Protein chains: 2
Amino acid sequence: MPSPPRDEAELVARARTLSGLAIDALASHWGVRVDGSPVSTKGKVGELLERALGATGGAAATRDFPGIGVELKTIPLDPRGTPRESTFVCAVSLLEAERAEWETSWVRAKLARVLWIPVGIGADGARRIGDPCLWSPSSEQERVLRDDFDEILGRIGATGIEGLSARVGRWMQLRPKAAHGRVRTRAPGADGGLIETVPRGFYLRARFTGAILRDPRALPP
Amino acid sequence: MPSPPRDEAELVARARTLSGLAIDALASHWGVRVDGSPVSTKGKVGELLERALGATGGAAATRDFPGIGVELKTIPLDPRGTPRESTFVCAVSLLEAERAEWETSWVRAKLARVLWIPVGIGADGARRIGDPCLWSPSSEQERVLRDDFDEILGRIGATGIEGLSARVGRWMQLRPKAAHGRVRTRAPGADGGLIETVPRGFYLRARFTGAILRDPRALPP
DNA sequence: TAGGATCCAGCTTTGGATCCTT
DNA sequence: AAGGATCCAAAGCTGGATCCTA
């Protein structure tokens with residue numbers, strides 16, 4: 001198990017040495033199976049890269065590399081280099097939604113510094129690690145993310161969580177997270193009591209992550 | 001048959017009196033069948049509204065209302081108010097493509113002043129005429145349309161018509177027009193001779209017409 | 001043919017549902 | 001539950017093919 005990287009430069013240097021490596025090779029090195037049925041290997045590649053880069057593992061970690069304030073995100077690409085999926089950022093606390101502000105939010109902190117690692121798929125079907133991209137949002141990008149955040153949390157306050165569609169948000173959306181979980185939220189209306197619902201999390205739309213992988217300062221539609 | 005409207009105000013006033021009217025009612029008034037199989041009634045609604053508004057009919061007309069320089073376009077909407085189709089603007093002369101310029105183009109002249117008439121569909125399945133919208137492109141809108149025009153004609157010049165996909169163009173695209181027609185164009189390359197191909201026309205994408213019906217100065221993606 | 005357009009199979013995108021490990 | 005995510009049916013969009021009338 002590698003020790004945590006001392007600084008960003010060391011983290012990026014390590015990520016660069018992994019570039020081009022087949023996922024299968026990395027998996028067998030770490031004794032992890034990533035060749036099962038697709039549904040049974042969700043999240044495995046992300047965890048594999050955390051290990052290989054010396055991330056602080058486990059559910060207690062607030063960030064992947066707390067010492068240097070960097071979040072690690074893998075992005076699956078299709079053969080043309082386009083993200084195949086949206087990217088989960090973090091869960092949201094529905095009960096604190098009304099008081100939440102972008103400046104002090106967890107989602108902003110997570111997105112402040114991200115090491116994106118694309119995982120491509122070759123003509124032979126083998127998945128390979130791509131070139132890492134250390135990114136912080138430009139001020140224009142952050143403005144849109146903040147607008148999305150405000151609109152999403154504003155709707156939760158106005159109509160309750162059941163009135164919020166995953167369509168809301170240009171680059172960021174709120175969607176169910178976890179099939180079996182239960183959390184409490186407030187029913188719509190001023191007199192709303194507590195009701196139970198499924199947990200939600202912030203996701204970045206694929207068109208946003210695709211654009212920043214091509215150009216870190218891009219402003220997608 | 002109404003006489004041609006004297007000016008824009010009269011045209012819009014007439015269009016407003018039609019708003020809310022069922023297409024079936026208008027059709028029976030003019031003795032036109034619009035209840036056949038969908039494939040057999042293409043274009044009927046557009047012709048019906050031309051008649052009802054006193055447009056100069058026939059293939060010889062360069063514009064629907066030449067006296068006042070207005071083009072009439074009907075737009076079919078789905079139950080949510082979104083355009084169901086792209087909108088045909090005019091044919092393109094492939095042989096003159098290399099010399100063509102936006103400023104003097106037919107497509108620009110047609111789009112300079114358009115009376116959009118949405119045709120919605122109610123919960124009962126009946127089609128009804130909506131509120132007319134007299135529109136000219138804003139300078140920002142025209143800039144994008146000109147860019148599309150330049151890129152489309154530029155590609156015809158560079159790669160020939162067969163190298164041009166209907167994907168080119170943000171708001172406007174070039175697509176086949178007429179199933180059986182034949183026109184001549186120049187083969188790609190400096191030494192290109194004349195070859196035959198299917199006629200093409202400019203179309204406005206539904207996301208553009210949908211946006212300007214909601215807000216005439218909107219700048220869709 | 002020119003002028004009025006829509007059809008519709010196939011591809012892409014969306015977003016609610018779901019899976020594994022600690 | 002928290003943290004790593006992907007699955008996949010259904011809705012939406014695309015764009016080549018096509019239809020009618022004068």
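Just so we're clear, the structure is a prediction, and the values are computed from it rather than from any experiment. Chain A is the first sequence line, chain B the second, and so forth, proteins listed ahead of strands; every chain is numbered from 1.
- Under the side chain to side chain contact (heavy atoms under 4.5 Å, CB included) criterion, A:P199 pairs with A:V183, sequence neighbours left out.
- Within residues 206-213 of chain A, no residue approaches DNA chain D, by heavy-atom distance under 4.0 Å.
- Here B:G46 lies in heavy-atom contact (under 4.0 Å) with sugar-phosphate atoms only.
- Per the geometry, CG belonging to B:L174 stands 16 Å off P belonging to D:dT14, to the nearest Å.
- B:W116 is linked by a side-chain hydrogen bond (donor to acceptor under 3.5 Å, both in side chains) to nothing, counting only residues two or more places apart in sequence or in another chain.
- For the pair A:E47 CD and C:dC19 C1', the computed distance is 11 Å after rounding to whole Å.
- When the nearest nucleotides of DNA chain C are assigned to B:V39 and B:V183 by heavy-atom distance, the more 5′-ward of the two goes with B:V183.
- Residues that satisfy the side-chain hydrogen bond (donor to acceptor under 3.5 Å, both in side chains) test with A:S28, not counting sequence neighbours, are absent from this structure.
- For A:S86, the side-chain hydrogen bond (donor to acceptor under 3.5 Å, both in side chains) criterion is met by A:R175, not counting sequence neighbours.
- Rounded to an integer number of Å, the gap from A:I117 CD1 to D:dA5 C1' is 15 Å.
- Rounded to an integer number of Å, the gap from CZ of B:R200 to P of C:dG3 is 18 Å.
- Not counting sequence neighbours, the partners of B:T82 by the side chain to side chain contact (heavy atoms under 4.5 Å, CB included) test are B:D78, B:R80.
- Residues from residues 74-96 of chain B that place a heavy atom under 4.0 Å from any atom of DNA chain C, listed by number: B:T74, B:P76, B:E85, B:S86, B:F88.
- A salt bridge between B:E47 and B:R51 is absent, with no side-chain N of the basic residue lying under 4.0 Å from a carboxylate O of the acidic one.
- Residues satisfying the side-chain hydrogen bond (donor to acceptor under 3.5 Å, both in side chains) test with A:S37, not counting sequence neighbours, are A:S40.
- Comparing A:P176 and B:V168 by the nucleotide of DNA chain D that holds the closest heavy atom to each, the one mapping nearer the 5' end is A:P176.
- Once rounded to the nearest 0.5 Å, the distance linking NZ of A:K177 with CZ of A:R200 reads 13.5 Å.
- With hydrogens and angles ignored, no donor-acceptor pair closer than 3.5 Å exists between the side chain of B:K44 and the base of D:dT21.
- Looking at residues two or more places apart in sequence or on another chain, you find a side chain to side chain contact (heavy atoms under 4.5 Å, CB included) between B:L219 and B:E140, B:Q141, B:W171.
- For A:R84 (side chain) and A:P76 (main-chain N/O), no donor-acceptor pair under 3.5 Å exists by modelled atom type.
- Remark: P of D:dG3 and CZ of A:R175 are 18 Å apart, rounded to the nearest angstrom.
- For B:K110, a side-chain nitrogen or oxygen approaches OP1 or OP2 of C:dG4 to under 4.0 Å.
- Between the side chain of B:K177 and the base of C:dG4, a donor-acceptor pair under 3.5 Å is found.
- To the nearest angstrom, P of D:dA5 lies 14 Å from CZ of A:R51.
- Comparing D:dA5, D:dA17, D:dG4 by their closest approach to the side chain of A:E71 singles out D:dG4.
- Rounded to a whole Å, the NZ atom of A:K42 is 16 Å from the C1' atom of D:dA2.
- Rounded to whole angstrom, the span from the CZ atom of B:F202 across to the C1' atom of C:dG4 amounts to 18 Å.
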